[in-house]
Number of protein chains: 2
Amino acid sequence: MRQIKHPPIEQVELTDIMYALSDPARLEIVGLLAKEGRQMTCGELELNRPKSSMSHHFKILRSAGLVETIIDGKEHLNSLRLAEIEQKFPGVLNAVLKAIASP
Amino acid sequence: MRQIKHPPIEQVELTDIMYALSDPARLEIVGLLAKEGRQMTCGELELNRPKSSMSHHFKILRSAGLVETIIDGKEHLNSLRLAEIEQKFPGVLNAVLKAIASP
DNA sequence: TCTATAGTTCCAATATATTCGAACTATAGA
DNA sequence: TCTATAGTTCGAATATATTGGAACTATAGA
């Protein structure tokens with residue numbers, strides 16, 4: 001298996017981003033990635049859900065263009081595409097991150 | 001028929017807002033309401049869709065807390081709850097509006 | 001080469017959304 | 001009181017999402 005494909009930023013749609021962020025589990029993943037500000041494996045995220053469900057949510061985050069996943073050995077390292085998204089849709093993701101950071 | 005019920009701002013959830021904004025038709029409605037900056041009837045919005053579909057989308061926008069609808073005679077006047085949403089989730093809606101305003 | 005680990009894919013079950021015609025409600029105005 | 005208008009609700013068809021178990025792929029390390 002090679003590296004995973006991600007949509008180039010020009011193809012990223014706002015509606016897909018909104019949709020990806022409309023699920024609590026995915027919002028939590030995005031929040032954790034932002035809070036840590038580093039690459040994290042799926043396992044590290046520790047939402048108590050089956051692997052296949054997590055995989056499904058990551059797929060949606062990836063296809064929306066929010067998350068980039070790099071394969072490194074047997075781990076998949078996930079990170080937020082924050083800079084790119086901010087450049088294309090200024091303020092959107094940062095405002096969402098701020099909203100979920102404060103309880 | 002009386003006035004329509006809307007969720008108080010304290011009950012408005014970010015996930016519901018994200019979901020409501022994930023549909024192109026609803027995003028268009030929200031964009032038009034913001035651009036005009038005034039109350040508009042459903043009919044005025046002129047997306048070429050059947051009434052029942054429009055009604056469905058407005059229901060979702062209302063229940064997400066994005067749109068307020070006031071009944072005035074036989075018309076329903078819709079407006080964005082921009083100030084309230086901005087206060088609760090600063091920057092989110094404004095950033096989305098900016099993103100859809102510039103093609 | 002064997003085994004454990006990380007994650008994906010496949011599948012089916014269930015749930016939720018979307019669409020739109022038809023029937024309905026409420027009001028304004030003749 | 002009748003009619004036209006604005007919008008909602010109902011109902012059924014279709015589409016899309018979510019969930020999670022089981023099988024699979026790929027790699028690291030013994």
Side-chain angles (χ1 to χ4, degrees), chain A residues 1-7 13 15-30 32-33 36 38-80, chain B residues 1-7 13 15-30 32-33 36 38-80:
Chain A
M1 190 187 271
R2 303 290 269 290
Q3 292 301 316
I4 290 174
K5 282 255 181 183
H6 299 85
E13 299 277 355
T15 47
D16 293 334
I17 291 185
M18 294 292 110
Y19 181 75
L21 295 174
S22 73
D23 180 273
R26 293 193 292 262
L27 212 42
E28 199 175 340
I29 292 170
V30 166
L32 274 168
L33 288 174
E36 295 294 320
R38 61 181 173 88
Q39 295 179 322
M40 297 178 81
T41 63
C42 307
E44 248 181 315
L45 288 156
E46 284 291 358
L47 322 192
N48 288 343
R49 283 181 172 83
K51 291 195 302 176
S52 53
S53 296
M54 292 303 285
S55 195
H56 165 75
H57 288 305
F58 270 104
K59 199 175 197 172
I60 285 170
L61 288 169
R62 264 182 235 120
S63 70
L66 279 166
V67 165
E68 181 178 44
T69 304
I70 283 166
I71 301 181
D72 174 33
K74 61 182 172 181
E75 295 183 332
H76 290 202
L77 302 176
N78 302 287
S79 54
L80 262 193
Chain B
M1 189 188 274
R2 303 292 270 290
Q3 291 301 317
I4 289 174
K5 282 255 181 182
H6 300 85
E13 300 276 355
T15 47
D16 293 334
I17 291 184
M18 294 293 108
Y19 182 74
L21 295 175
S22 72
D23 180 274
R26 294 193 291 264
L27 213 43
E28 200 175 339
I29 292 170
V30 165
L32 274 168
L33 288 174
E36 295 293 320
R38 61 180 173 92
Q39 296 179 322
M40 296 179 83
T41 63
C42 308
E44 248 181 317
L45 288 155
E46 284 292 357
L47 323 191
N48 289 343
R49 282 181 174 82
K51 291 195 302 177
S52 53
S53 296
M54 292 302 285
S55 194
H56 165 76
H57 288 306
F58 270 103
K59 198 175 197 174
I60 286 169
L61 288 169
R62 266 181 233 121
S63 71
L66 278 166
V67 165
E68 181 178 44
T69 304
I70 283 167
I71 300 180
D72 174 32
K74 61 182 172 181
E75 293 184 333
H76 291 202
L77 301 176
N78 302 288
S79 54
L80 261 193

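A note on names: the letters A, B, ... follow the listed sequences, proteins ahead of strands, and every chain is numbered from 1. Computed from a predicted structure; not experimentally measured.
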Please check the phosphate of [N] (OP1 and OP2 only) for any side-chain N or O of [X] closer than 4.0 Å.
X: B/His76; N: D/dT8; answer: yes
X: B/Ser53; N: C/dC20; answer: yes
X: A/Tyr19; N: C/dA17; answer: no

Quiz item: B/Ser55 side-chain donor-acceptor pair to D/dG7 base, under 3.5 Å: no
Give each protein N/O atom lying under 3.5 Å from an N/O atom of nucleotides 12-15 of chain D, with the pair distance.
none

Residue from B/Ile4, B/Ile70, B/Thr41 passing side chain to side chain contact (heavy atoms under 4.5 Å, CB included) with B/His76: B/Ile4
Roughly, in whole Å, what's the span from [atom1] in [X] to [atom2] in [N]?
X: A/Gln3; N: C/dT8; atom1: CD; atom2: C1'; value: 14 Å
X: B/Lys59; N: C/dT16; atom1: NZ; atom2: C1'; value: 14 Å
X: B/Asp72; N: D/dA6; atom1: CG; atom2: P; value: 13 Å
X: A/Met54; N: C/dA6; atom1: CE; atom2: C1'; value: 13 Å
X: B/Ile60; N: D/dT9; atom1: CD1; atom2: P; value: 13 Å

All stems with DNA chain D, defined as three or more consecutive Watson-Crick or G-U pairs under 3.5 Å: C:1-30 with D:1-30
Most 5' of A/Lys74 and A/His56 on DNA chain C, judged by nearest nucleotide: A/Lys74
Proximity to DNA chain D (any heavy atom under 4.0 Å), residues of residues 39-49 of chain B only: B/Thr41, B/Cys42, B/Gly43
Nearest to the side chain of [X] - [options]?
X: A/Lys51; options: D/dT18, C/dA6, C/dT19; value: C/dA6
X: A/Ile4; options: C/dT8, C/dT18, C/dT9; value: C/dT8
X: A/Ser52; options: D/dG21, C/dC20, D/dT19; value: D/dG21

Flag for A/His6-A/Arg62: side-chain donor and acceptor within less than 3.5 Å: no
Closest-nucleotide 5' rank along DNA chain D - winner of B/Arg62 and A/Gly73: B/Arg62
